[in-house]
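The next block holds one structure in the form of structure tokens; read it before the comments.
For the numbers below, each heavy atom of this structure counts, side chains included, while hydrogens, waters and symmetry mates do not. Residue numbers run from 1 in the order of the sequence given.
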Amino acid sequence: MLSRLVLVSGHSLKNSGSFGACLVQASRSFHQSSQSLAPVPPLPEKGGKVRHGIFPEELFTLLYPKTGVTGPYMLGTGLLLYMLSKEIYVINHETFAAASIGAVVIYGIKKFGPSVAAFADKINEDKVAKAQEVKDQAMASLAQGIEDEKKEQWRVEGRHMLFDAKRNNVAMLLETNYRERLHMVTNEVKKRLDFQVELQNLHRRMEQEHMVNWVEQSVIKSITPQQEKESIAKCIADLKVLAKTTQARATV
């Protein structure tokens, strides 16, 4: 009777929409198609809720609309009794060994599970902290690279002004060289003109001196010895008259 009840309840659940959708979704997850290449959501950090350590909470919520609150427990009990009544599962010494091992495992999980979980969480947090540190360093390096790039772009934008300033400096240097050369040419021309003026003045002065010397020599040559004697005598007489006049004035 229990086996028939389990089969009927399982058949009814299979024909129900929610259970069928669950089976279809489970079959799709193992189906090798192009959907397997699609991006999957990230895995949760912590597992879902379970009952009695191994039974997921989703199984109970799936059966609640059809069987009520006690439905999952009745389903499990019916399956267990069916397997035992049909001798699908036979209780032997391995069952007791498995129960003992399960009890030891459950005790170890309950006793040492929190400390092991805390240790694993600490290791995970250390790894996450190291990864975050590496990420922060990479972000800082990238941010510094962005700032450097912005600075270089700003320098490139100001390069036009720099080129204009350099162009103006070059133009000023060319203008300065041009004016220096123009001044040098002016000085050289002035020196040559001054030289020509001085040369003409020298020629004129030499001509004047030559003319004066020639006139003097001509006059000296034109004077006869008799005229020279008369001139000397006339000069001596004039000197005597001048001496007497000076003496008379001195006595008066």
[X] [atom1] to [Y] [atom2] distance, which is reported to the nearest 0.5 Å:
{"X": "His183", "Y": "Thr176", "atom1": "NE2", "atom2": "OG1", "value": "13.5 Å"}
{"X": "Ser100", "Y": "His93", "atom1": "OG", "atom2": "NE2", "value": "12.0 Å"}
{"X": "Lys49", "Y": "Thr61", "atom1": "NZ", "atom2": "OG1", "value": "11.0 Å"}
{"X": "Glu180", "Y": "Glu175", "atom1": "CD", "atom2": "CD", "value": "11.0 Å"}
{"X": "Tyr178", "Y": "Arg181", "atom1": "OH", "atom2": "CZ", "value": "11.0 Å"}
{"X": "Asn168", "Y": "Leu173", "atom1": "CG", "atom2": "CG", "value": "11.0 Å"}

Answer yes or no: is there an ion pair linking [X] with [Y], defined by an N-O contact shorter than 4.0 Å?
{"X": "Lys190", "Y": "Asp194", "value": "yes"}
{"X": "Glu188", "Y": "Arg192", "value": "yes"}
{"X": "Asp238", "Y": "Lys234", "value": "yes"}
{"X": "Arg167", "Y": "Asp164", "value": "yes"}
{"X": "Glu152", "Y": "Arg155", "value": "yes"}

Smallest separation among heavy atoms of [X] and [Y], with atom names:
{"X": "His160", "Y": "Glu157", "answer": "CD2-O, 3.5 Å"}
{"X": "Leu242", "Y": "Thr246", "answer": "O-OG1, 2.7 Å"}
{"X": "Arg51", "Y": "Glu57", "answer": "NE-OE1, 2.9 Å"}
{"X": "Pro72", "Y": "Thr67", "answer": "CD-OG1, 3.9 Å"}

Handout entry: For Val189, the option from Thr186, Asn187, Val185 that meets side chain to side chain contact (heavy atoms under 4.5 Å, CB included)
Key = Val185
Any side-chain heavy atom of [X] sitting closer than 4.5 Å to one from [Y]?
{"X": "Leu199", "Y": "Gln196", "answer": "yes"}
{"X": "Ile91", "Y": "Phe96", "answer": "yes"}
{"X": "Phe119", "Y": "Ile123", "answer": "yes"}

Exercise for the section: Sort out for me which residue in His203, Arg205, Arg204 forms a side chain to side chain donor-acceptor pair (under 3.5 Å) with Asn201. Expected result: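 Result for side chain to side chain donor-acceptor pair (under 3.5 Å) with Asn201: Arg204.
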Practice task
State yes or no: do Ile101 and Ile109 share one hydrophobic cluster built from I, L, V, M, F, W and Y residues joined by side-chain heavy-atom distances below 4.5 Å, directly or via other members?
Solution key: yes
Practice task
Check the hydrophobic clustering (I, L, V, M, F, W, Y; side-chain heavy atoms under 4.5 Å; chains of links allowed) and say if Leu84 and Ile88 are grouped together.
Solution key: yes
Handout entry: Shared-cluster residues of Ile146, by chain and number - hydrophobic side chains joined below 4.5 Å
Key = none
Fill in the blank from the handout: Joining Ile, Leu, Val, Met, Phe, Trp and Tyr whenever any side-chain heavy atoms lie under 4.5 Å apart, the cluster holding Leu202 also takes in Met206
Practice task
State, without any angle test, whether Asn213 and Glu209 hold a side-chain donor-acceptor pair at a distance under 3.5 Å.
Solution key: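 Per modelled atom types, Asn213 and Glu209 side chains form no pair under 3.5 Å.
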Exercise for the section: Check whether any side-chain N or O of Asn92 sits under 3.5 Å from a backbone N or O of Thr95 as a donor-acceptor pair, and report yes or no. Expected result: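 It does hold such a pair.
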Practice task
For the pair Ser141 (side chain) and Gln137 (backbone), establish whether a donor and an acceptor sit closer than 3.5 Å, ignoring hydrogens and angles.
Solution key: no
Handout entry: Pair Glu147-Lys151, salt bridge (Lys or Arg N to Asp or Glu O under 4.0 Å): steps then yes or no
Key = CA-CA 6 Å; Glu147 293 296 330; Lys151 186 180 292 184; over 6 Å; no
For [X], I'd like to know if atom [atom1] has over 12 heavy atoms of other residues, nucleotides or ligands within 6.0 Å.
{"X": "Glu87", "atom1": "CD", "result": "no"}
{"X": "Tyr89", "atom1": "OH", "result": "yes"}
{"X": "Phe55", "atom1": "CZ", "result": "no"}

